[in-house]
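Encoded as structure tokens, the structure appears first; notes follow it.
Quick note: residue numbers are just sequence positions, from 1. Atoms within each ligand, like the ligands themselves, are counted from 1 in listed order.
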Amino acid sequence: SQLLAGKNIVVMGVANDRSIAWAIAQSLAAQGARLAFTYESDRVEARVRKLAETIPNAVILPCNVTVDEEIDQLADKLREEFGTLHGLVHSIAFAKTEELTGLYADTSRAGFALAQDISAYSLVAVAQRLHPLMTEGGSIMTMTYLGAERAMKNYNVMGVAKAALEASVRYLAADLGQFNIRVNAISAGPIRTLAAKGISDFNSILKQVEEKAPLRRTTDTAEVGDTAMFLMSHFSRGITGEVIYVDSGYHIVG
Ligand code: 0WD
């Protein structure tokens with residue numbers, strides 16, 4: 001039987017077929033979830049549409065998370081389409097390329113604010129408007145990285161945004177637990193995606209993982225997808241406010 005039959009889940013952050021959000025969507029669809037996909041702008045709409053249309057019954061909606069009105073409209077549309085929402089997958093982050101190299105000490109005020117807005121505050125903005133649709137309880141998850149806890153070369157302003165995101169997961173979990181809504185994060189090992197293109201020297205990061213991680217290999221998006229599926233399912237019902245590592249065990253040794 002399918003673990004997510006009858007569950008309505010919105011997936012935010014598909015940019016292309018390498019996106020972590022896309023692998024998550026595959027794992028959720030394989031277990032019978034009904035999915036809604038959001039796309040940031042016209043720039044990515046066609047690409048997201050082409051992918052999403054391969055999944056039966058998928059709903060495709062615009063939502064730039066920096067615009068409150070677009071999140072309000074998303075909530076309205078999801079209410080129309082689904083009635084009840086059971087899951088929210090947040091797989092969104094952004095920082096200016098120039099802030100992802102050199103010294104963290106050189107971070108600009110505007111660059112700091114933008115990274116925080118898109119990569120951390122957006123989870124709050126979306127959870128705030130979508131949790132009222134989770135009338136049967138729910139599961140909210142986001143994507144984070146080890147750079148939240150450690151000063152990692154070049155990750156810089158994004159590391160600080162991920163630290164805020166992880167703290168936000170704990171505060172949201174504390175708030176929403178009373179509604180039987182769980183909030184968690186997956187901390188993934190480095191994966192070559194569009195977002196990873198912005199990180200300088202990504203190859204040497206991957207090589208380090210292959211050499212040092214207990215499993216001696218890098219992380220596959222499908223591994224993240226299956227953990228996300230677990231977090232969306234009844235099987236994870238006792239887990240909230242948590243960061244789960246899907247990183248070949250790198251964080252215990254690296
Ligand atoms: O190694 C990696 N790739 C890791 C990624 C390791 C650990 C965590 N992560 C995180 C990222 O920080 C992010 O939170 O996983 C999440 C997904 O990232 P991804 O799958 O690696 O990257 P990508 O395919 O680029 O998806 C991120 C997407 C954006 O893509 P682009 O590249 O077009 O910026 O986030 C979306 C957009 O689709 N996004 C937005 N969506 C709505 N409104 C916005 C926005 N304003 N800005 C970016």
Side-chain angles (χ1 to χ4, degrees), residues 10-26 37-49 51-52 60-71 73-74 88-97 99-100 113-123 125-126 141-150 152 154-166 168-169 185-206 208-209 218-225 227-228 243-248 250-251 254:
V10 59
V11 177
M12 310 185 75
V14 175
N16 61 29
D17 63 356
R18 290 181 162 205
S19 295
I20 294 170
W22 180 241
I24 292 174
Q26 305 288 315
F37 291 90
T38 67
Y39 58 89
E40 177 202 341
S41 63
D42 300 346
R43 183 175 59 89
V44 290
E45 178 179 359
R47 228 175 327 152
V48 175
R49 228 169 241 295
L51 289 171
I60 305 158
L61 301 165
C63 185
N64 181 336
V65 294
T66 62
V67 185
D68 286 341
E69 295 70 31
E70 291 199 20
I71 311 174
Q73 282 161 15
L74 174 66
L88 160 61
V89 174
H90 174 280
S91 183
I92 290 171
F94 186 79
K96 290 184 192 160
T97 318
E99 310 279 11
L100 297 173
L114 183 67
Q116 287 284 338
D117 187 23
I118 300 183
S119 314
Y121 181 73
S122 67
L123 177 68
V126 172
M141 62 145 290
T142 187
M143 292 301 309
T144 188
Y145 183 58
L146 189 58
E149 300 154 71
R150 299 198 196 154
M152 297 178 85
N154 297 325
Y155 204 60
N156 297 359
V157 73
M158 187 58 83
V160 177
K162 292 300 193 192
L165 180 71
E166 291 183 12
S168 222
V169 162
I186 293 176
S187 184
I191 299 170
R192 197 184 298 286
T193 62
L194 211 58
K197 281 218 171 76
I199 313 284
S200 324
D201 222 5
F202 198 71
N203 280 337
S204 69
I205 297 171
L206 291 174
Q208 272 213 27
V209 172
T218 55
T219 301
D220 202 277
T221 54
E223 297 171 341
V224 177
T227 302
V243 176
I244 298 182
Y245 294 82
V246 181
D247 69 343
S248 302
Y250 183 80
H251 74 286

Checklist line | Numbered atoms of ligand 1 (with element) below 4.0 Å of Y145, judged on heavy atoms | finding: 6 (C), 7 (C)
Note to self: Please check this pair: side chain of S119 against backbone of F94, looking for a donor-acceptor N/O pair closer than 3.5 Å.
What the structure shows: yes
Next item on the list: Determine whether any heavy atom of C63 lies closer than 4.0 Å to an atom of ligand 1.
Entry: yes
Notebook entry, point to check: Atoms of ligand 1 less than 4.0 Å from G13 heavy atoms?
Noted result: 26 (O), 28 (C)
Next item on the list: Between A195, S119, G189, flag the one that comes closest to atom 18 (O) of ligand 1 by a heavy atom.
Entry: A195
Item checked: Heteroatom proximity flag, L194 to ligand 1, N/O under 3.5 Å -> no
Check: Would you say I191 has any N or O atom under 3.5 Å from an N or O of ligand 1, going by distance alone?
Finding: yes
Note to self: Checking the side chain of K162 only, and the main-chain atoms of E149 only, is there a donor and an acceptor separated by less than 3.5 Å?
What the structure shows: no
Note to self: Checking the side chain of R192 only, and the main-chain atoms of F202 only, is there a donor and an acceptor separated by less than 3.5 Å?
What the structure shows: no
Margin query: Can you tell me which portion of M158 lies within the under-4.0 Å heavy-atom range of ligand 1? Options are side chain, backbone, both, or neither.
Written below: neither
Check: Does an N or O from S19, backbone or side chain, lie closer than 3.5 Å to an N or O of ligand 1?
Finding: yes
Item checked: Greater than 12 external heavy atoms within 6.0 Å of R47's CZ -> yes
Next item on the list: Enumerate the atoms of ligand 1 whose separation from the nearest heavy atom of A15 is less than 4.0 angstrom.
Entry: 24 (O), 30 (O), 38 (O)
Check: Within less than 4.0 angstrom of ligand 1, does K162 place any heavy atom?
Finding: yes
Next item on the list: Can you sort out which atoms of ligand 1 are near A188, meaning under 4.0 Å from one of its heavy atoms?
Entry: 6 (C), 7 (C)
Next item on the list: State whether the side chain of N203 and the backbone N or O of L206 hold a donor-acceptor pair below 3.5 Å, judged by distance alone.
Entry: no
Next item on the list: For ligand 1, find out whether one of its N or O atoms is nearer than 3.5 Å to an N or O atom of V65.
Entry: yes
Check: Is the W22 ring parallel, tilted or perpendicular to the F37 ring (thresholds 30°, 60°)?
Finding: tilted
Margin query: Test your reading of the structure: does T193 have an N or O sitting under 3.5 Å from an N or O of ligand 1?
Written below: yes
Checklist line | Heavy-atom side-chain proximity of I24 to M141 below 4.5 angstrom | finding: yes
Notebook entry, point to check: Which atoms form the tightest heavy-atom contact between V224 and A188, and what is the distance?
Noted result: CG2-CB, 4.0 Å
Margin query: Is the contact between T144 and ligand 1 made by the side chain, the backbone, both, or neither, using heavy atoms and a 4.0 Å cut-off?
Written below: backbone
Check: Can you tell which part of I118 has a heavy atom less than 4.0 Å from ligand 1: side chain, backbone, both or neither?
Finding: side chain
Next item on the list: Using the side-chain contact (heavy atoms from CB on, under 4.5 Å) rule, pick out the option among V126, T142, V11 that qualifies with L88.
Entry: V126
Next item on the list: Indicate yes or no: does an N/O atom of R18 lie under 3.5 Å from an N/O atom of ligand 1?
Entry: no
Margin query: With nothing but distance in play, are any N or O atoms of F94 less than 3.5 Å from an N or O of ligand 1?
Written below: no
Note to self: Quick check on contacts: which atoms of ligand 1 are under 4.0 angstrom from a heavy atom of R43?
What the structure shows: 33 (O)
Margin query: Consider ring-ring contact (aromatic ring centres under 6.0 Å, His included). Of Y245, Y155, Y250, which one does Y145 pass it with?
Written below: Y155
Check: Distance from I118 atom CD1 to I92 atom CD1, nearest 0.5 Å?
Finding: 9.0 Å
Notebook entry, point to check: Is the closest N or O pair between N64 and ligand 1 shorter than 3.5 Å?
Noted result: yes
Next item on the list: May I ask you to list the atoms of ligand 1 that are less than 4.0 angstrom from any heavy atom of P190?
Entry: 1 (O)
